[in-house]
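Take a look at the structure set out below.
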Amino acid sequence: MFLQSPCIFPKFEHYSRMMMKMSFSYNSVKFNFFFLISFICLSSCNQDKRIDVDNIKVDLRIERFDRDLAKVNPDSLASQLPVLEKKYGAFYHDYFGKILNLGSTTDTGYYPLVRQILTGTAFKDLQHETDSIFKDLKMAEPSISEAFKHIKYYYPQQKVPKIVTYISGFQIQTPIGVDYVGIGLDMFLGTQSKFYPALVESIPRYISRRFTPDNIAPRIVEVITREELFPEPETQTLLDKMIYQGKSMYFMKAVQPNLADSTIIGYSKQQMDWAKQFESDIWAYFLEENLLYESDYLKIQKYLSEAPFTPGLGSHNDSAPKLGIYTGWQIVKNYMKNNPEVTLQDLMKDNDYQKILKRSKYRPEHKQ
């Protein structure tokens with residue numbers, strides 16, 4: 001926390017106290033062979049092919065709100081904050097009013113709280129750490145640009161928002177607002193950051209292990225996918241939610257083709273290996289427990305939520321988490337493989353989840 005009040009930024013306050021994914025004829029044989037080769041090619045090309053985005057232009061703007069805020073003189077807020085407000089617009093109000101939760105920004109009533117933040121040791125320590133790791137964002141810019149090029153390949157009218165970096169006090173990692181996507185740099189400091197061990201009660205290790213610089217681009221793509229391009233429609237059953245999530249995973253992979261599946265879904269290597277090895281057992285479990293058409297939130301959420309493992313599956317708590325999402329992704333992969341005429345755009349606007357399941361012919365084979 002940046003302030004001493006216990007109701008604001010409790011996560012960061014905790015650090016301060018502790019110092020802190022067989023034909024019968026030759027001709028028919030030739031025909032069937034040609035058809036087979038064509039089908040295999042079309043199927044494998046559905047997502048595995050690399051599209052050419054070299055000629056797609058994106059104007060990527062990254063603005064360092066974190067640095068601009070650090071330059072503000074705490075004794076000159078009345079003259080310097082309006083300048084910051086004019087430059088950052090909607091983000092400025094979202095940052096102080098919603099991310100930092102300082103209340104209304106329509107008047108100057110929040111200024112004393114801003115001053116308290118800027119003069120506090122906690123903010124200065126975190127600012128120093130963040131600035132030392134992120135002298136610039138050149139390491140992330142190519143991945144972000146490539147992702148936006150792929151998005152514009154499929155959706156040419158999609159605008160590229162400006163990227164605004166800031167320090168969140170470990171609150172919100174990648175918010176999305178009017179014409180911007182934010183990057184809470186303090187939530188991408190790397191696994192060796194001295195801050196995260198002190199936050200395990202509010203941010204468990206299975207979450208903070210992904211707080212690394214190479215996760216910046218994937219998280220930007222994720223928030224744009226889920227919040228702007230394809231927000232979740234009203235869904236009821238576990239199957240609905242699985243297929244929706246699977247479509248989102250498929251899209252994120254399509255626009256980041258070089259990114260590992262484990263990074264897309266947020267799995268460690270061990271979790272990815274476990275999910276692949278026991279894919280048929282996972283599916284059998286969902287069927288045997290009659291879970292696909294279950295709509296009780298309390299019964300199905302554990303198959304969709306962030307967790308160290310999925311309760312009820314595996315032994316000794318060694319299962320991968322979010323197995324509903326993983327399985328939904330595999331169903332969508334099968335659907336696109338078995339229906340090569342379906343484009344990515346067709347997939348993303350199709351909310352007939354039962355049809356997608358049926359036409360996917362999803363029957364994972366048991367692996368030894």
Side-chain angles (χ1 to χ4, degrees), residues 21 39-40 42-49 218 221-222 225-226 230 232 235 237-294 300-307 309-314 318-344 346-348 350-368:
K21 165 202 44 114
F39 178 78
I40 291 173
L42 285 169
S43 298
S44 62
C45 288
N46 231 337
Q47 182 158 24
D48 293 339
K49 74 175 182 179
V221 171
E222 180 176 16
T225 300
R226 297 185 186 280
F230 314 109
E232 185 172 6
T235 56
T237 68
L238 177 60
L239 176 64
D240 294 343
K241 297 179 184 298
M242 287 168 60
I243 302 298
Y244 165 77
Q245 296 284 355
K247 287 168 54 180
S248 298
M249 295 290 112
Y250 192 90
F251 178 83
M252 288 188 276
K253 178 69 175 182
V255 299
Q256 300 171 108
N258 296 319
L259 197 63
D261 285 6
S262 57
T263 303
I264 296 287
I265 197 171
Y267 279 177
S268 66
K269 181 183 183 303
Q270 291 75 14
Q271 290 171 337
M272 199 73 200
D273 290 344
W274 191 96
K276 289 178 179 179
Q277 181 180 353
F278 295 103
E279 183 179 347
S280 65
D281 299 278
I282 298 165
W283 183 237
Y285 178 85
F286 287 146
L287 296 178
E288 290 168 2
E289 298 296 320
N290 298 314
L291 288 168
L292 293 187
Y293 303 101
E294 178 61 67
I300 65 178
Q301 193 59 23
K302 62 183 176 180
Y303 306 112
L304 305 164
S305 300
E306 293 285 358
F309 59 91
T310 299
L313 285 156
D318 63 349
S319 62
K322 304 183 293 187
L323 289 175
I325 297 177
Y326 174 82
T327 303
W329 190 7
Q330 309 318 304
I331 291 171
V332 172
K333 284 182 181 180
N334 263 51
Y335 173 72
M336 296 300 283
K337 178 181 178 181
N338 290 319
N339 299 274
E341 75 285 357
V342 178
T343 67
L344 181 64
D346 292 334
L347 170 69
M348 299 313 296
D350 190 350
N351 293 327
D352 189 340
Y353 304 127
Q354 184 64 46
K355 182 197 75 176
I356 292 174
L357 173 62
K358 182 178 180 180
R359 292 182 60 185
S360 74
K361 301 178 182 179
Y362 181 66
R363 295 179 183 83
E365 296 180 357
H366 181 73
K367 295 181 177 64
Q368 298 295 331

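Keep in mind that this is a model prediction, so the values were computed, not measured. Numbering of residues begins at 1 and proceeds along the displayed sequence.
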TODO: Give a yes or no on whether the backbone of T343 and the side-chain of D346 come within a donor-acceptor separation of less than 3.5 Å.
DONE: yes
Task: Shortest non-hydrogen contact from L347 toward I356 - done: CD1-CD1, 4.4 Å
- [ ] Check P321 against A307 and note the closest heavy-atom contact, atom names and distance.
- [x] CB-O, 3.1 Å
Open item on the list: Quick one: does any side-chain atom of T310 pair with a main-chain N or O of L313 as donor and acceptor, under 3.5 Å?
Closed with: no
Open item on the list: Going by ring-ring contact (aromatic ring centres under 6.0 Å, His included), name the residues that satisfy it together with Y326, two or more places apart in sequence or in a different chain.
Closed with: none
Open item on the list: For K241, is there any backbone N or O sitting under 3.5 Å from a side-chain donor or acceptor partner on Y353?
Closed with: no
TODO: Output the distance between atom CE (M348) and atom OG (S248), rounded to the nearest 0.5 Å.
DONE: 5.0 Å
TODO: Output yes when a side-chain donor or acceptor of N339 lies under 3.5 Å from a complementary backbone atom of E341, and no otherwise.
DONE: no
- [ ] May I ask you to decide if the ring planes of W283 and F286 are parallel, tilted or perpendicular, using 30° and 60° as cut-offs?
- [x] perpendicular
Open item on the list: Is it the case that atom NZ in K361 sees more than 12 heavy atoms from other parts of the structure closer than 6.0 Å?
Closed with: no
TODO: Output, in order, the C-alpha distance, side-chain angles, deciding distance and verdict of side-chain contact (heavy atoms from CB on, under 4.5 Å) for M252 and R226.
DONE: CA-CA 10 Å; M252 288 188 276; R226 297 185 186 280; 4.0 Å; yes
Open item on the list: For a quick test of reading the model, state the closest non-hydrogen atom pair linking Q271 to G266 and the distance between them.
Closed with: OE1-O, 4.2 Å
Task: Test item: F230 and K247 side chains (from C-beta on) under 4.5 Å apart, heavy atoms - done: no
Open item on the list: Can you tell whether the side chains of K322 and E306 come within less than 4.0 Å, N to carboxylate O?
Closed with: yes
- [ ] Of all the heavy-atom pairs spanning S280 and P364, show the shortest one and how long it is.
- [x] CB-O, 3.4 Å
Open item on the list: Let's go through T327 and Q330 carefully: what are the C-alpha distance in whole Å and the side-chain angles of both, what is the deciding distance for side-chain contact (heavy atoms from CB on, under 4.5 Å) to 0.1 Å, and is it a yes or a no?
Closed with: CA-CA 5 Å; T327 303; Q330 309 318 304; 5.5 Å; no
Open item on the list: Show, in sequence, the C-alpha distance, side-chain angles and deciding distance for Q277 and D273, and conclude whether the side-chain contact (heavy atoms from CB on, under 4.5 Å) test is met.
Closed with: CA-CA 6 Å; Q277 181 180 353; D273 290 344; over 6 Å; no
Open item on the list: Tell me if a side-chain donor or acceptor on Y303 pairs with a main-chain N or O of L323 at a distance below 3.5 Å.
Closed with: no
Open item on the list: So W274 and I282, do their side chains get closer than 4.5 Å, heavy atoms only?
Closed with: yes
Task: D240 side-chain N/O to T237 backbone N/O, donor-acceptor pair under 3.5 Å - done: yes
TODO: Ignoring hydrogens and angles, state whether a donor on the side chain of R359 or Q354 is under 3.5 Å from an acceptor on the partner side chain.
DONE: no
Task: Test log, rule side-chain contact (heavy atoms from CB on, under 4.5 Å), inputs M242 and L292 - done: CA-CA 9 Å; M242 287 168 60; L292 293 187; 4.1 Å; yes
Task: Working for side-chain hydrogen bond (donor to acceptor under 3.5 Å, both in side chains), residues E279 and Y362 - done: CA-CA 11 Å; E279 183 179 347; Y362 181 66; 2.6 Å; yes
Open item on the list: Tell me whether Y335 contacts the main-chain N or O of V342 through its side chain, where contact means a donor paired with an acceptor under 3.5 Å.
Closed with: no
Open item on the list: Is it the case that the side chain of E289 and the backbone of Y285 share a donor-acceptor pair, with hydrogens and angles ignored and the cut-off at 3.5 Å?
Closed with: no
Task: Shortest non-hydrogen separation from P218 to Q256 and the atoms involved - done: CA-OE1, 3.4 Å
Task: Rounded distance (nearest 0.5 Å) linking atom CD1 of I331 with atom CD of Q245 - done: 12.5 Å
Task: Check: N351 and I243 side chains under 4.5 Å, non-hydrogen atoms - done: no
Task: Backbone N/O of G314 and side chain of D318: donor-acceptor pair under 3.5 Å - done: no
Task: Exercise: identify the closest heavy-atom pair between S360 and N338 - done: O-ND2, 2.8 Å
